[in-house]
Protein chains: 2
Amino acid sequence: MFRFGYDGVMSSVTSAADTAVRPLRKDAERNRALILDAAREVYAAQGLDAGFDEIARVAGVGVGTVYRRFPERADLVEALFEQEVDAVVARAEQAAADPDPWRGLREFLSWGVEAQAADRGLAQVLALAGHGHERVATGRERLRPAVAALVRHAQRAGVLRGDVTELDIGIAVAMISRVGGTDRSQLRERYVTLVLDGLAVRRDGPSPLAPVPASEDDLACIVAPARGR
Amino acid sequence: MFRFGYDGVMSSVTSAADTAVRPLRKDAERNRALILDAAREVYAAQGLDAGFDEIARVAGVGVGTVYRRFPERADLVEALFEQEVDAVVARAEQAAADPDPWRGLREFLSWGVEAQAADRGLAQVLALAGHGHERVATGRERLRPAVAALVRHAQRAGVLRGDVTELDIGIAVAMISRVGGTDRSQLRERYVTLVLDGLAVRRDGPSPLAPVPASEDDLACIVAPARGR
DNA sequence: GAAGAACCGGAAAGACCGTTCCACTTCGTA
DNA sequence: TACGAAGTGGAACGGTCTTTCCGGTTCTTC
């Protein structure tokens, strides 16, 4: 398809490679930022299936503007997601750098649980299966080694059982984050402790875990209740 | 309000106590059963917010019939729920009777997790907060002592840590049941093991859990994603 | 500062879902 | 068998949410 009026100057180059994106007009750029801010707020509070009209209302723009700026719903979600993944990765790296690996792991778990408990949208995106969400998949691939490093450190230090993977940590975070309302962080902390007790190496050794391979998709169903039938 | 034509014969007794329910007509009774069966199936697959029209379709009746038989949505849900609670209570009692208390606990946990993973509706009803759902509350009150007995037995035998309550078990079941798709029971079993490791009494002792009091409502949010805003 | 492309808001159209309503059928009774 | 009450199906209604569309506005460029 050839989108008229989008390239501005008639380009004589007609190859598919001239995907030079011209900058948005000033007001459009401002609105884009307003929409992103509003979406962050609304998604955090209501989850990903909040309506565009609500976002438009909070942003103070018309619905049409939201649709023009983000023709695909996924564009908006993924734009937000990439910023959030940065924060999670940073936190994982910080945790991995802790001189006390167990404390690092514990803090990452607690923080992740609260982050997802406070932001329904984040939890849902993180759980999105790969179906056409390349940017989400990429983000998660970026997250994975950071958590893996955290796991490896704790295991090398002999405090984390060896049969635990970085996916276990991700699943544990998502699982525990569903406990209680927004204000029940103390309760969630209880289960963080409980699960960590199960994850810890003890003198009399934990029961061996069956080596069931977990796939990325297993994360999906914890939060996203399979709305598509 | 006085509902005409419902009492059939004009009763001279007008006190509120004459709640004699006349039996349904034969075809109505048959449809009622069809609807209950269909609802069980649909709710299990799609969760409680499945539409009445879907239930009607599966039952092979018109939507109107469903509405007439179950004017309140809750009537249908709770009618099903009571049957299901019976099964859970039975299972808990069976587990508590196991000569090996730890095995009993483990089997109850595994079974409960799979039951809720296979039946989205069950998980959602069990998690319903008390708001006007007296029958659900009653059912859960019936469930509670059964699980408490299970917990007590394991604690008396010295295999379950003393700071664990029956609500912890309920929350653990709900939490773990959210992991993976319907077909990932092996994965869920992994987390059952993990959580049980955290729950077990070990020679070098588990970390103390903070005594955060859990309320019934804390169960609610694990499964029911706060659809009401 | 004038022309015109890009952009805006919000009304209108469309899809969807829960609920009600009523012309017709089935059942129980006499 | 015949009558009336009880029950039935599904069309129609009203509400909500998503998306499109267009007359008017704002920005950029020359």
Side-chain angles (χ1 to χ4, degrees), chain A residues 1-11 20-39 42-43 45-77 225 227-229, chain B residues 1-11 20-36 38-39 42-43 45-77 121 225 227-229:
Chain A
M1 302 302 167
F2 187 76
R3 282 185 293 170
F4 225 121
Y6 196 67
D7 272 346
V9 184
M10 280 295 192
S11 165
V21 184
R22 72 159 32 194
L24 287 174
R25 229 171 65 174
K26 197 171 53 181
D27 52 345
E29 187 57 52
R30 184 177 49 81
N31 279 337
R32 195 188 125 93
L34 285 175
I35 291 169
L36 277 174
D37 285 346
V42 172
Y43 282 156
Q46 306 189 9
L48 291 188
D49 41 41
F52 267 21
D53 44 353
E54 174 71 2
I55 293 172
R57 204 183 53 76
V58 172
V61 303
V63 223
T65 306
V66 181
Y67 275 93
R68 192 169 327 94
R69 215 39 67 215
F70 300 95
E72 300 289 336
R73 211 176 206 69
D75 295 344
L76 179 51
V77 169
R227 185 141 283 280
R229 39 195 61 169
Chain B
M1 303 301 168
F2 188 74
R3 282 184 293 169
F4 225 123
Y6 195 69
D7 273 346
V9 184
M10 281 293 193
S11 165
V21 184
R22 72 158 35 189
L24 287 175
R25 228 171 65 176
K26 196 171 52 182
D27 53 345
E29 188 56 53
R30 184 176 49 81
N31 280 338
R32 195 187 125 93
L34 284 175
I35 292 169
L36 277 175
V42 171
Y43 282 155
Q46 304 188 11
L48 291 187
D49 41 43
F52 267 21
D53 44 355
E54 174 72 2
I55 294 173
R57 205 184 52 75
V58 172
V61 303
V63 223
T65 306
V66 180
Y67 275 93
R68 189 167 332 88
R69 215 39 66 213
F70 300 95
E72 300 289 334
R73 208 175 208 69
D75 295 343
L76 179 49
V77 169
R227 186 143 284 279
R229 39 196 63 169

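These numbers come from a predicted model, not from an experiment. Atoms considered below: every heavy atom in the structure, side chains included; atoms not considered: hydrogens, waters and symmetry mates. Proteins get letters first, then strands, A, B, ... in listed order; numbering begins at 1 in each.
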Novice: Using a 4.0 Å heavy-atom cut-off to protein, can you give one letter per nucleotide of nucleotides 18-30 of chain C, 5' to 3': B if the base is in contact, S if only the sugar-phosphate is, - if neither?
Specialist: SBB-----BSS--
Novice: Apply side-chain contact (heavy atoms from CB on, under 4.5 Å) to B:Leu36 and list each qualifying residue two or more places apart in sequence or on a separate chain.
Specialist: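 side-chain contact (heavy atoms from CB on, under 4.5 Å) list for B:Leu36, sorted by chain: B:Arg32, B:Phe70, B:Leu76, B:Ala79, B:Leu80.
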Novice: Not counting sequence neighbours, list each pair that qualifies as a side chain to side chain donor-acceptor pair (under 3.5 Å) and has a residue in residues 66-76 of chain A.
Specialist: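 Qualifying pairs: none.
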Novice: Applying side-chain contact (heavy atoms from CB on, under 4.5 Å), name anything that partners B:Val58, two or more places apart in sequence or on another chain.
Specialist: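 side-chain contact (heavy atoms from CB on, under 4.5 Å) list for B:Val58, sorted by chain: B:Ala38, B:Glu41, B:Val42, B:Glu54.
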Novice: Got a sec, which residues hit side chain to side chain donor-acceptor pair (under 3.5 Å) with A:Asp37, two or more places apart in sequence or on another chain?
Specialist: A:Arg40
Novice: With sequence neighbours left out, what residues match B:Arg25 under side-chain contact (heavy atoms from CB on, under 4.5 Å)?
Specialist: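 If we apply the side-chain contact (heavy atoms from CB on, under 4.5 Å) test to B:Arg25, skipping adjacent residues, the hits are B:Asp27, B:Ala28.
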Novice: Could you measure the distance from the NZ atom of B:Lys26 to the CG atom of B:Asn31? Nearest 0.5 Å is fine.
Specialist: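 Here the interatomic distance stands at 12.5 Å.
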Novice: Rounded off to whole Å, could you give me the CZ-to-C1' distance for the B:Arg32 and D:dA6 pair?
Specialist: 16 Å
Novice: Measure the distance from CD on A:Glu54 to P on D:dT16 and round it to the nearest whole Å.
Specialist: 14 Å
Novice: Does a side-chain N or O of A:Asn31 approach OP1 or OP2 of C:dC7 to a distance below 4.0 Å, or not?
Specialist: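 It does not, given that no N or O in the side chain of A:Asn31 lies less than 4.0 Å from OP1 or OP2 of C:dC7.
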Novice: Given atom CZ of A:Arg57 and atom P of D:dC17, what is their separation to the nearest angstrom?
Specialist: 12 Å
Novice: Measure from CZ on A:Phe70 to P on D:dT18 and round the result to the nearest Å.
Specialist: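 Interatomic distance, CZ of A:Phe70 to P of D:dT18: 17 Å.
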